[in-house]
Undergrad: 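One structure, pasted below without further comment.
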Amino acid sequence: MLEPVITAGSISGFISLIGLLYIIFTKLGRMEMKVCTLWKIYGEDVLERAVKEGLGKHESPAQITEKGEQMLGEDIKQRIETIVRKNFRFKHDDLLYEVLNKTADKLKGRAEETDTDMNLMVGVAMLYTQKVLKNQR
């Protein structure tokens, strides 16, 4: 009497497991691809623009120039250094996110102050974060 119930339960559990694995690997893979694509479109474009404007130099990886550091101003540079010091064990992308999240207001104000595009300020902040992180490690 219990054998058909046990067999049906085992089969339905196995089918559910296969469905769950399928959804996890297909949906999460697509989301990861979207995040990578967004980074390529926005993040790398911002860094490339900063290099074209002379605010960074194209080495491996791109590095900030004196002009770029002057554009940021001392207040933002100090804030970035503090964030990196507190969170230098974060993964690189998480650290960049943390810096941009905590300095967005200052970057916006500085962009208006210097009559610069906000995306360019984001690129310079990313380059400066990389410099501070490199010196930290």
Side-chain angles (χ1 to χ4, degrees):
M1 171 104 176
L2 289 177
E3 287 181 20
V5 173
I6 292 172
T7 304
S10 298
I11 291 172
S12 69
F14 185 70
I15 291 172
S16 296
L17 177 66
I18 290 173
L20 182 66
L21 291 175
Y22 173 76
I23 288 175
I24 287 173
F25 288 116
T26 58
K27 298 292 183 188
L28 291 180
R30 289 181 193 150
M31 284 189 340
E32 179 68 26
M33 186 170 183
K34 287 179 184 175
V35 169
C36 290
T37 303
L38 285 172
W39 172 251
K40 292 231 184 262
I41 291 171
Y42 183 73
E44 291 180 5
D45 179 57
V46 165
L47 290 175
E48 191 62 36
R49 280 193 56 210
V51 169
K52 285 180 184 175
E53 295 285 332
L55 304 171
K57 51 188 173 181
H58 205 68
E59 294 184 5
S60 185
Q63 296 179 356
I64 193 166
T65 61
E66 287 295 320
K67 183 179 174 185
E69 285 191 34
Q70 290 172 358
M71 178 183 251
L72 274 180
E74 289 302 316
D75 184 37
I76 296 174
K77 288 176 14 181
Q78 287 295 329
R79 186 173 278 199
I80 290 173
E81 289 171 11
T82 302
I83 294 168
V84 170
R85 233 180 282 119
K86 288 181 182 177
N87 305 302
F88 77 95
R89 286 193 165 87
F90 280 18
K91 289 186 336 186
H92 183 262
D93 295 341
D94 293 338
L95 183 62
L96 283 175
Y97 173 76
E98 187 74 14
V99 165
L100 294 176
N101 191 29
K102 291 191 175 180
T103 59
D105 300 346
K106 294 283 185 183
L107 289 173
K108 185 176 181 181
R110 186 71 178 162
E112 290 171 359
E113 202 176 286
T114 59
D115 195 32
T116 307
D117 184 26
M118 179 62 178
N119 287 340
L120 202 51
M121 288 300 290
V122 167
V124 173
M126 290 168 64
L127 289 171
Y128 190 73
T129 301
Q130 290 174 348
K131 176 185 176 180
V132 172
L133 185 60
K134 180 181 171 187
N135 292 339
Q136 188 80 23
R137 291 186 179 174

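Count residues from 1 along the sequence. Treat the numbers as computed from the prediction; the structure is a model and nothing was measured.
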Undergrad: What is the minimum heavy-atom distance between Q63 and K134, and which atoms define it?
TA: NE2-NZ, 3.7 Å
Undergrad: Just how far is it from atom CG of L127 to atom CD of E69, taken to the nearest 0.5 Å?
TA: 10.0 Å
Undergrad: Inspect the contact between E98 and K86 and indicate whether a charged nitrogen and a carboxylate oxygen are less than 4.0 angstrom apart.
TA: no
Undergrad: Run the side-chain contact (heavy atoms from CB on, under 4.5 Å) check on R110 and L72 step by step: do they pass?
TA: CA-CA 7 Å; R110 186 71 178 162; L72 274 180; 5.8 Å; no
Undergrad: State, to 0.1 Å, how close A111 and M118 come at their nearest heavy-atom pair, and which atoms those are.
TA: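 Looks like CB-CA, 4.2 Å.
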Undergrad: Return yes when atom NZ of K106 has more than 12 non-hydrogen atoms of other residues, nucleotides or ligands closer than 6.0 Å, and no otherwise.
TA: no
Undergrad: What distance do K102 atom NZ and R79 atom CZ have between them, rounded to the nearest 0.5 Å?
TA: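 Rounded to the nearest 0.5 Å, the NZ-CZ separation comes out at 9.5 Å.
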Undergrad: Can you tell me how far apart CE (M126) and CD1 (I80) are? Round to the nearest 0.5 Å.
TA: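 So the gap between those two atoms works out to 11.0 Å.
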Undergrad: Under the side-chain contact (heavy atoms from CB on, under 4.5 Å) test against T129, which residue among T103, I64, L100, L96 passes?
TA: L96
Undergrad: For the atom pair CD1 (I15) and OG (S10), what is the distance rounded to the nearest 0.5 Å?
TA: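 Between I15 CD1 and S10 OG, I get 11.0 Å after rounding to 0.5 Å.
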Undergrad: Start with the C-alpha distance between E53 and T116, add both sets of side-chain angles, then the distance that settles side-chain contact (heavy atoms from CB on, under 4.5 Å), and finish with yes or no.
TA: CA-CA 11 Å; E53 295 285 332; T116 307; over 6 Å; no
Undergrad: Could you tell me whether the side chain of N87 and the main chain of I83 form a donor-acceptor pair under 3.5 Å?
TA: yes
Undergrad: Mind checking the CD-NZ spacing from E81 to K131? Nearest 0.5 Å is all I need.
TA: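 Spacing of CD (E81) from NZ (K131) equals 8.5 Å.
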Undergrad: What are the two closest non-hydrogen atoms of A50 and G123, and how far apart are they?
TA: CB-C, 4.4 Å
Undergrad: Could you measure the distance from the CD atom of E113 to the CE atom of M121? Nearest 0.5 Å is fine.
TA: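 Result: 8.5 Å between the selected atoms.
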Undergrad: Does the pair E3 and I6 meet the rule for a side-chain contact (heavy atoms from CB on, under 4.5 Å), with working shown?
TA: CA-CA 5 Å; E3 287 181 20; I6 292 172; 5.7 Å; no
